[in-house]
Structure formats: C-alpha cells, structure tokens
Amino acid sequence: MQLSVAQGAGAVRVSPILQVRGLTKRFGPLEVLKGIDFAVAPQELVFVIGPSGSGKSTLLRCCNRLEDADSGSILLDGVELMDPKCDLNAMRRRIGMVFQSFNLYPHLTVLGNVTLAMRKVLGKSRREADEIGLAALDRVGLADKAAAYPAALSGGQQQRVAIARALCLNPKVMLFDEPTSALDPELVGSVLAVMRDLREAGMTMVVVSHEMRFAREAADRIVFMEAGCIVEEGPPEQIFSAPANARTRAFVAEIAR
Amino acid sequence: MELLRQQFFNIDVMVQAWPLILRGLGMTALLCLAVIPLGLLGGLAVAVASLSRSRLLRWTAKGFIDLFRALPPLVVLILLYSGLPFAGLRLTPFAAVCLAFLLNSSCFYGEIYRAGIESVGRGQWEAARSTGLSAAQTFTSVILPQAVRNVVPDLVSNTVEVVKLTSIASVVSFTEMLYAADMARSVTFNTSPIVLAAAIYLVILWPAVRLMSRFEHRVAA
C-alpha cells in the first residue's frame, strides 16, 4: 500500500513504517489526544514538540501501547497494534523505547540490562546475547562498562545503555521520550551524539524533546502539538523560521527566548 | 540462692535432658525447613493475588489476609487439629502445624512482598514490557528480584517470628524443642530443661536479631 507522507517540503510517496490514524485518549475527564493522524516514513527522524500537557508523551506511549488509546489505529509495518489479537510482546520488540528516567534495571549489570530481552524474549544463548550486547554497547561507546552496575554510571552513560538495550532487539522504530530532560547539561551532548549516529545509520526515530537546537539540525520533520491536536508539521526551517500557525509562532518565540 | 540454682540452672538435669532436647531441636529444625519455604511461597502467591488485575482475586486475597492476620495462630492450629476430625479430616500433628503456618505466615510474608513489589518503580515495568518481555517474565526477571532485595530485613524479621512461633506445635503433641523440654520438666520436676531450651533459642536467633539491628541502622543512616 502506497501512502502519501508529508516529508520534507513536498509530499513523497513512500510506505510509512508507522502510521497513526484518528488516535484518541482520555484520562478521566481530560481528553489528552483528540484524534491524532501521524505517519513516519522509514529512516525519518520526527521531532514532536509542544507545551507540557499537550499530549506528546502520551502519543509516544500509545505507539507501543504502554498506554492504551481509546480509539484509532496504529499500524507498524502494516500490522495493526490496536487489534486485540495482535501479539503485543512480539510487536514491542520492533519498537525500541527510551525513557526520560532511563529505567535501567539496577539489579543487573550493564551487559545484563542489554541482554535480558534477547535471552528471555528471543531465546538467545547467553553467549550469543553477550556478543550482540557488547556490540551494541560499543556502538554507544560503553563497551568498557559492561560489567558495571547502572548506579556506578553517570546519567548520560545510563541513557546510552538504555539506547543500547533497545538497539539490541533490532527495532524498526525507536521512540525517545524526553531522553535528555533528566540529564545535567554537560551530559546531554553524549546522548545526542549517539542519536545522531543512529540517524546516520538510518534508524527511524520519533523524538519527544525540548532540545530545539538538535531538532533544528537533525530532524527531518517537526510536529507541533498543542492540547491533544497536531497543530502544524513541517521541516525544521518552516516550523522554526516561518511557522504558518499563530500558536506555533507563539510557542517557537517562547522557547527561543 | 542454691535453691534457685537447683531449680533453674541444674547442670545434672540439663545433661539428663540433653538427648531429648537435642531430638526436639532436630524436629524444630525440620519444622522450620517445612514452614518457612511454605510461608515464603504462600506469601508470594498472596502478594501476587492482592496486586492482581482481577477484582475477585484481589478481594479474595484481602479477605484471606485480614482473616488470618486477625486470628491467633494458636487458635488456627487447634481448630485445624481438633476441629477438622469432626469434618472427617484427621491431620497428623506435623500436617496440622504446616497448614496452620501456611495460613498464618503467608499473610505476613505476603504483605512484606507486596510492599516490596510496590516499592519498585513503574518505569521498571514499562522498560521491561517495552522490550517485549511478557508480564510474567517482567515480574520474575525484573520486579521480583528488586522487590525482594528491598524487603530483606523485613523477611528476616518475619522469619525470626516464624521460628519462635514453631513452639506452638507443642500443643498438638508435636515433639519439637519446647515439647521435649516440657516433657523433661514434668519428669524431673525441674525447670532447667526449659531454661536450656530458651538458651538454645537465644543462641540460634540472636545472630539474626543482631543482623536485623544492623539493617535498621543502615536504613537510618
């Protein structure tokens, strides 16, 4: 199925790897997502920005069903995640997720953290899992920390381990939920560098973040959300320099200060 | 003074009672080996049920916990041992004690586990599930190891209570250490065997109690 996906300035015809349609979600009386339509093309880096409470994180968390949307459709590589018969555990392996608070397992070593899912879910032997795990740690520059426990690492190192943990499963898409918000400023760079490498390697990424400089230089497309709706989307130059929507303009002006 | 020594610290009587008490100690150890694992496993089941998504399971667990935390274990034991035969079920003293302890200590261990499980942040659960681990895999590989580690002092403390409580098995004529000591007392008309049994409890449990204090200080520090 060929779908039209807005990518860059013009509409390019490619099959999106992730396609969200009419997604709604409410927490009690609060409508957090009001019918979101959203698609990500393979190898695209999409940045989702917006004021806090706009539903960015909820949207991201609905994409691997950590949060259950109330209605709508989520297609990953053609598979409907909202289908009750969908094998969620199998699908979640293909969607890497990186959290604001890292969420490394404190009782396991760094290598134990990155290999747990490979051993439990993919049924790989310890040796094979260790090999892949070490390669992933090498990719984020932390192979020498394999035997350390998370508590002995800096925040930036922990977040890179979390990225390696997701990478090991060879995901089709990676979701980043404010990956640098919990980091001291001097540690942000190392995490962004890894994300930049991933982008270069062709990883498809959806990033919720306030790192606007990174968004401007690395993103293919910016999605601006407010109050549960996508207000505007487009390439970084458009969103940051010439936003069409007044609310986008106000938000961009606010964060530029 | 001499009378006191004769009645409570009579070495001759203690020496006489020693083989009997030693056998009783063996039975107490056997009992502990049965009821501690039973309580630990039963407690885990109770904790999982009390945190279950199913309301029925949750309420059943809550009712069970309330009931057996309120009922004195001695009452439960006598009910099981002396009451069940009227319902056509005759338990051996050992089986009755095991069952009574399972019912009683599952609740206490269960509440400890529950506190431990709740102390593990939601992010741990989400991280594991997001890598494709099933709920059961997440629980056994990620949540439970951290939960147990967080409540080791409480588990140790409860286990000390369980060991002490095994002495109630004496009321159903199970020949554990207190029963053996009391038998020796009634034969010799001398309290020294009981003093000896008390000393043995002290020697066995004192290190665990010390360990608990260490834990408590570490938490305070």
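We name chains A, B, ... by the order of the sequence lines, and we start the count at 1 in each one.
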Atom group of A/R61 that falls short of 4.5 Å from chain B, counting heavy atoms
side chain

Options A/N64, A/I95, A/L104, A/L88, ranked by heavy-atom pairs under 4.5 Å with chain B, top entry:
A/L104

Applying a strict 4.5 Å limit to non-hydrogen atoms, the region of B/A128 in contact with chain A is both

So what's closer than 4.5 Å to chain A heavy atoms on B/R129: side chain, backbone, both or neither?
both

For A/Y105, is it the side chain, the backbone, both or neither that has a heavy atom under 4.5 Å from a heavy atom of chain B?
both

By the definition side chain to side chain contact (heavy atoms under 4.5 Å, CB included), identify the one residue from A/V208, A/I36, A/L33 that meets it with A/T58.
A/L33

Are the aromatic rings of B/F94 and B/F174 close, with centres under 6.0 Å apart?
yes

Kindly check if the number of other-residue, nucleotide or ligand heavy atoms within 6.0 Å of CD (A/E131) is above 12?
no

Could you walk me through whether A/R127 and A/D130 pass salt bridge (charged side-chain N to carboxylate O under 4.0 Å, His left out), step by step?
CA-CA 5 Å; A/R127 236 180 106 182; A/D130 283 357; over 6 Å; no

Under 4.5 Å from a heavy atom of chain A, the part of B/E126 involved
both

Check for a donor-acceptor pair, side chain of A/Q159 on one end and backbone N or O of A/A162 on the other, with a separation under 3.5 Å.
no

